[in-house]
Amino acid sequence: MSTEDRPPAPRSLAEALRARGDASLGALLRSRPDLITPVPTDLTQLATRAGTRASVVRALERLDRFALQTAEALAVAADPAAYGELLGLMAGDDADPAVVAALPHALDLLREQALVWGDDDRLRLVRTARELLAPSPQHPSPTGLGPTVQEATAGMSPGRIQEIVTAAGLASTHDSVSAVTALAGLFTDRARMAALLADAPADSLDVLERLVWGPPYGQVTADPAPRLRWLLDRGLLLPTAPGTVVLPREVALHLRRGLAHRAPEPVPPVVETAAVHRPQVVDSAAAGQAYTALATVEELLKDWDEGGPAVLRAGGLSVRDLKRTAVALDVPEPVAAFWVELAYAAGLIASDGEADERYAATPAYDEWLELPAAERWSRLVTAWLAATRTAGLVGGRDAKDRTLSALGPGLDRSAAPEVRHRVLALLAGLPEGAAPAAGSVLARLRWERPLRGDRREDDLRGRLAGWALSEAEQLGVTGRGALSAQGRALLGAPAAPAPGPEAEPSGPGDKLPVHHHHRPIALTALSPAEQAVASAAAARLLAPLLPEPLDHVLLQADLTAVAPGPLQRPLADMLGVLADVESKGGATVYRFTPGSVRRALDAGQAASDLHAFLAAHSRTPVPQPLAYLIDDVARRHGHLRVGAASAYVRCDDDAVLSEILADKRAAGLGLRRLAPTVLAAQADPAGLLEGLRAMGFAPAAESAEGDVLITRALAHRTPPRTAPEPVPDGPPVPDDTLLAAALRAIRAGDLASTTPRKPGAAPAANGELPRTGAAETLATMQAAVLTGEALWIGYVNAEGAASQRVIAPIRVEGGFVTAYDHTADEVRTYPLHRITGVAELADDAG
């Protein structure tokens, strides 16, 4: 393309955006969704918003390390800078081939993000980004460079500048500007600079060596040492304040051989493989963990079935209740916090909202229990992927030094879903069955998101990644550290890359220290609909790997029952009432006791029902000791009756009542005989029942009609509750529909604001709406209907929002104008009273 045919270089970011196509603008709005909230009226407003400090900071935080290094190099380059200057700052005098190859892509990324604009011969960093990244005494640059010679000598006397120029071997000049220019020219000339430094004392060069990579500032006394005096006399060090000197940027770049960064990182760190397993081993291990996860959540909710721990006044679970929950689940407290938070994120537990507020299962828990096991798992992991609540923070301190509690406030971290998804995506890029080295995963994440404000935030992202790896293993998304087939499906990931010959394990489950030098695939977050499809696919892959529930147990003579695997739900529920769990693991051991049998009888079961139940579900004969235990407890069960007098005890055998009255342990119950077969008590019925049971009796409660009450505990449920909404990390990414509508609106507003008007026909200026009287507006509209010309109008809608439009009137009647709206590309009807004014367009406005 000749110079005459080349389009003119943009003079502003707005012009650069105006030259973009819809695909390029759409990519910008997707990557920086804050620019579309609310939708800008035109491209000038979009450019202004893209240059605001908050938006630029957010965009810089989402750059990878090399793109950020490129932006930092532009901040210390000339403004504007040529591509060759930028390449020199990034690749150095040796022209590092990796940097040379990667720089165009990094620059394209900065342009796409609207952080850089202009052609390659006039590259400009957005002003706000330059202010944030350029060196200053208050905010040192990550490059370690100091101010330029011109900046450092800004307050220096002309006489002192001339002395420095002369000492450096340059001819004196008549003004400071030319002297500073000559000095900067010397420092940027490699040959002359090498000659100057060749005469430097060795200890002076040591001083430069200490400052060259930053920080560039140093302290000097009022009478500097000779090694410092030599540098100060020649401007190789320049004073910035009393007692402070700085290494000029040009000198540092010469000593660095042109490099703006000590270690440019054009290539992301490789995610290294620490171990390789057969895919079948990984999937089986993950399925085992998935089953354990389901069992743990069910056990947690069963423990809270009749009402869980109280809600703290400030919200959340007390330390004591978390410890009690950890003991019940037989896991460490941090792991218990994770399961509690997961159940909360999935909407399975919530606060009941009562005056004495407690945590309890929600109605959604009952619905979840009815689902097949694989679908229950997919619900849990889908909630985990999207949750911003971070269980790993439990036990830590917030900004006000308050302890963070499970289910309490302050646990949301908006970066958590992104980090989880990215960690799993890196695993998905490894060959099937490969487990990564955790350190290499963290190094990769630090390269992808190097700038996160302060060190605390950087540390948080690293901790989030570590928690993501361990939580994925606990949930069965990974097995033995490698991503499982169901985990891959959950992400919507393609098939795993085939392992190289060096990655082949020599035996089942063998581990090899393999390094895979390939780039992990990049996965984008799925939409809710896509995630639902992916979760269903993951459930289908997991279902065949989960153990089938059993319909039987093995009864033993020592009053125990062994469940060799997971039990069907009705069997497990009934056995949980009739016996106590003694141990868990691959097989669950239940123990029958008088108390557990009485619990089943209190729940309305008869002795015959219990005998029939055990006979039907045992693969071994019912042991005689167990049958005797059931009959013995049943014989005494209900022999005493307790009701409300305050409370009373009645029994057909008056000798039993006499025995109770004579027992010293009954003194606290306040018993007295009302009749030979009736005792009255001051205790309430529940207290009386407990007291008599403590004395070794087995009383049964009865109603006012004398019927035995079934004391089965009712499941406590909260009112319907929705799962907590994740806290978004900024505005959501716009979907295709919103993006298309926003682009049309921005283009429309830009067309209206930039379309040429006839001289004198548009009285409004500075983007204001045209203003004409009602009569003039009507006459101009009617004339345009006859001529077919387009008009520029100002319009205020019913909500009071003003906009500019370009229309071609078709019909004017009844107080309305029907016109083809060029900005919206459709025919619309506008009330004339909402049109602020009208102006004719220039003849060549097309």
Legend entry - Any side-chain heavy-atom pair of Leu145 and Leu247 under 4.5 Å: no
Inset, instruction - Give the minimum heavy-atom separation between Ala81 and Leu74, together with the two atoms involved. - result: CB-CD2, 4.2 Å
Inset, instruction - Could you tell me whether Arg747 and Asp22 make a salt bridge, using a distance below 4.0 angstrom between a side-chain N and a carboxylate O? - result: yes
Inset, instruction - Please answer whether the main-chain N or O of Arg446 pairs with a side-chain N or O of Arg65 as donor and acceptor at a distance below 3.5 Å. - result: yes
Inset, instruction - Assess whether side chain to side chain contact (heavy atoms under 4.5 Å, CB included) is satisfied between Val251 and His254, documenting all intermediate values. - result: CA-CA 5 Å; Val251 177; His254 172 81; 5.8 Å; no
Inset, instruction - Enter the distance from Leu236:CG to Leu211:CG here, rounded to the nearest 0.5 Å. - result: 11.5 Å
Legend entry - Nearest-0.5 Å distance, OG1 of residue Thr240 to OH of residue Tyr217: 6.0 Å
Inset, instruction - Determine whether Pro264 and Asp96 make a side-chain contact, defined as any pair of heavy atoms from C-beta on separated by less than 4.5 Å. - result: no
Inset, instruction - Check whether any side-chain N or O of Thr388 sits under 3.5 Å from a backbone N or O of Val727 as a donor-acceptor pair, and report yes or no. - result: yes
Inset, instruction - Please check if the side chain of Ser204 supplies one atom and the backbone of Arg227 the other of a donor-acceptor pair under 3.5 Å. - result: yes
Inset, instruction - Answer yes or no: is there an ion pair linking Arg422 with Glu448, defined by an N-O contact shorter than 4.0 Å? - result: yes
Inset, instruction - Taking Ser440 for its side chain and Glu272 for its backbone only, find out whether a donor-acceptor pair lies under 3.5 Å. - result: yes
Inset, instruction - Please name all residues satisfying side chain to side chain donor-acceptor pair (under 3.5 Å) with Thr153, sequence neighbours left out, ordered by chain then number. - result: none
Inset, instruction - Report yes or no: does Arg413 contribute a side-chain atom to a donor-acceptor pair with the main-chain N or O of Gly410 at less than 3.5 Å? - result: yes
Inset, instruction - Without swapping roles, check the side chain of Arg449 against the backbone of Arg62 for a donor-acceptor pair under 3.5 Å. - result: yes
Inset, instruction - Decide whether Thr148 and Glu250 meet the rule of one side-chain donor and one side-chain acceptor closer than 3.5 Å. - result: no
Inset, instruction - Compare every heavy atom of Asp233 with every heavy atom of Ala167, then report the nearest pair and how far apart it is. - result: CB-O, 3.3 Å
Inset, instruction - Answer yes or no: is there a donor N or O on one side and an acceptor on the other, between the side chain of Thr188 and the main chain of Gly185, under 3.5 Å? - result: yes
Inset, instruction - Please report the closest heavy-atom contact between Ala73 and Leu89, naming both atoms and the distance. - result: O-CD1, 3.5 Å
Inset, instruction - Rounded to the nearest 0.5 Å, what's the gap from CH2 on Trp447 to CG on Asp64? Could you check? - result: 3.5 Å
Legend entry - Side-chain donor or acceptor of Thr48 paired with backbone N/O of Thr44 under 3.5 Å: yes
Legend entry - From CA spacing to verdict: side chain to side chain contact (heavy atoms under 4.5 Å, CB included), Arg124, Arg130: CA-CA 9 Å; Arg124 290 186 182 274; Arg130 177 173 288 272; over 6 Å; no
Legend entry - Side-chain donor-acceptor pair present, Ser31, Gln113, cut-off under 3.5 Å: yes
Inset, instruction - Please report the closest heavy-atom contact between Ala91 and Val100, naming both atoms and the distance. - result: CB-CG2, 4.1 Å
Inset, instruction - Please tell me if the side chains of Gln219 and Val245 come closer than 4.5 Å, counting only heavy atoms from C-beta onward. - result: no
Inset, instruction - Indicate yes or no for a side-chain donor-acceptor contact from Glu15 to the backbone of Arg11 under 3.5 Å, with no hydrogens or angles considered. - result: yes
Legend entry - Test: Arg210 and Asp206 ion pair at under 4.0 Å: no
Inset, instruction - Please assess Leu426 against Val423 for the test side chain to side chain contact (heavy atoms under 4.5 Å, CB included), listing each intermediate value before the final yes or no. - result: CA-CA 5 Å; Leu426 292 175; Val423 166; 5.6 Å; no
Inset, instruction - Taking the six-membered ring of Trp230 (Phe, Tyr or Trp), confirm whether the NZ or CZ of Arg234 is under 6.0 Å from its centre and within 45° of its axis. - result: yes
Legend entry - Separation between CG of Leu43 and CD1 of Ile746, rounded to the nearest 0.5 Å: 6.5 Å
Inset, instruction - Answer yes or no: is there an ion pair linking Arg160 with Glu163, defined by an N-O contact shorter than 4.0 Å? - result: yes
Inset, instruction - Report yes or no: does Arg249 contribute a side-chain atom to a donor-acceptor pair with the main-chain N or O of Val76 at less than 3.5 Å? - result: yes
Inset, instruction - Look at atom CD of Glu265 and say whether more than 12 heavy atoms of other residues, nucleotides or ligands are closer to it than 6.0 Å. - result: yes
Inset, instruction - Kindly indicate whether the side chain of Leu29, heavy atoms from C-beta on, has any atom under 4.5 Å from the side chain of Val733. - result: no
Inset, instruction - Report yes if some heavy atom in the side chain of Leu232 is under 4.5 Å from a heavy atom in the side chain of Ile164; otherwise report no. - result: no
Legend entry - Note, Val419 side chain near Trp467 side chain (heavy atom, < 4.5 Å): no
Inset, instruction - With rounding to the nearest 0.5 Å, note down the distance linking OG1 in Thr143 to CD in Gln69. - result: 10.5 Å
Inset, instruction - Calculate, to the nearest 0.5 Å, the distance between atoms CG and OG1 belonging to Leu186 and Thr181 respectively. - result: 12.5 Å
Legend entry - Short N-O contact, Glu131 and Arg53, less than 4.0 angstrom: no
Legend entry - Stepwise side chain to side chain contact (heavy atoms under 4.5 Å, CB included) check, Leu125 with Trp117: CA-CA 7 Å; Leu125 190 64; Trp117 58 276; over 6 Å; no
Inset, instruction - For the pair Glu72 and Ser141, evaluate side-chain hydrogen bond (donor to acceptor under 3.5 Å, both in side chains) and give the outcome as yes or no after the intermediate values. - result: CA-CA 8 Å; Glu72 291 164 352; Ser141 168; 6.0 Å; no
Inset, instruction - For the pair Asp93 and Arg190, find out whether any cationic side-chain nitrogen is under 4.0 Å from an anionic carboxylate oxygen. - result: yes
Legend entry - Check: Ser55/Arg32 side-chain N/O donor and acceptor closer than 3.5 Å: yes
Inset, instruction - Would you mind checking if Asp120 and Arg111 are paired as a salt bridge, meaning a charged N to carboxylate O distance below 4.0 Å? - result: yes
Legend entry - Pro269 to Arg444 - nearest heavy-atom pair and separation: O-NH1, 3.3 Å
Inset, instruction - Locate the shortest heavy-atom distance separating Pro33 from Pro734; write the atom from each residue and the value. - result: CB-CD, 3.9 Å
Inset, instruction - Please list, chain by chain and in numerical order, all residues satisfying side-chain contact (heavy atoms from CB on, under 4.5 Å) with Leu228, sequence neighbours excluded. - result: Val207, Val220, Pro224, Leu237
Inset, instruction - Taking the side chain as every heavy atom from C-beta outward, state whether Pro10 and Asp119 have any pair of such atoms under 4.5 Å apart. - result: yes
Inset, instruction - Would you check if Val180 and Ile161 make a side-chain contact, meaning some heavy-atom pair closer than 4.5 Å? - result: yes
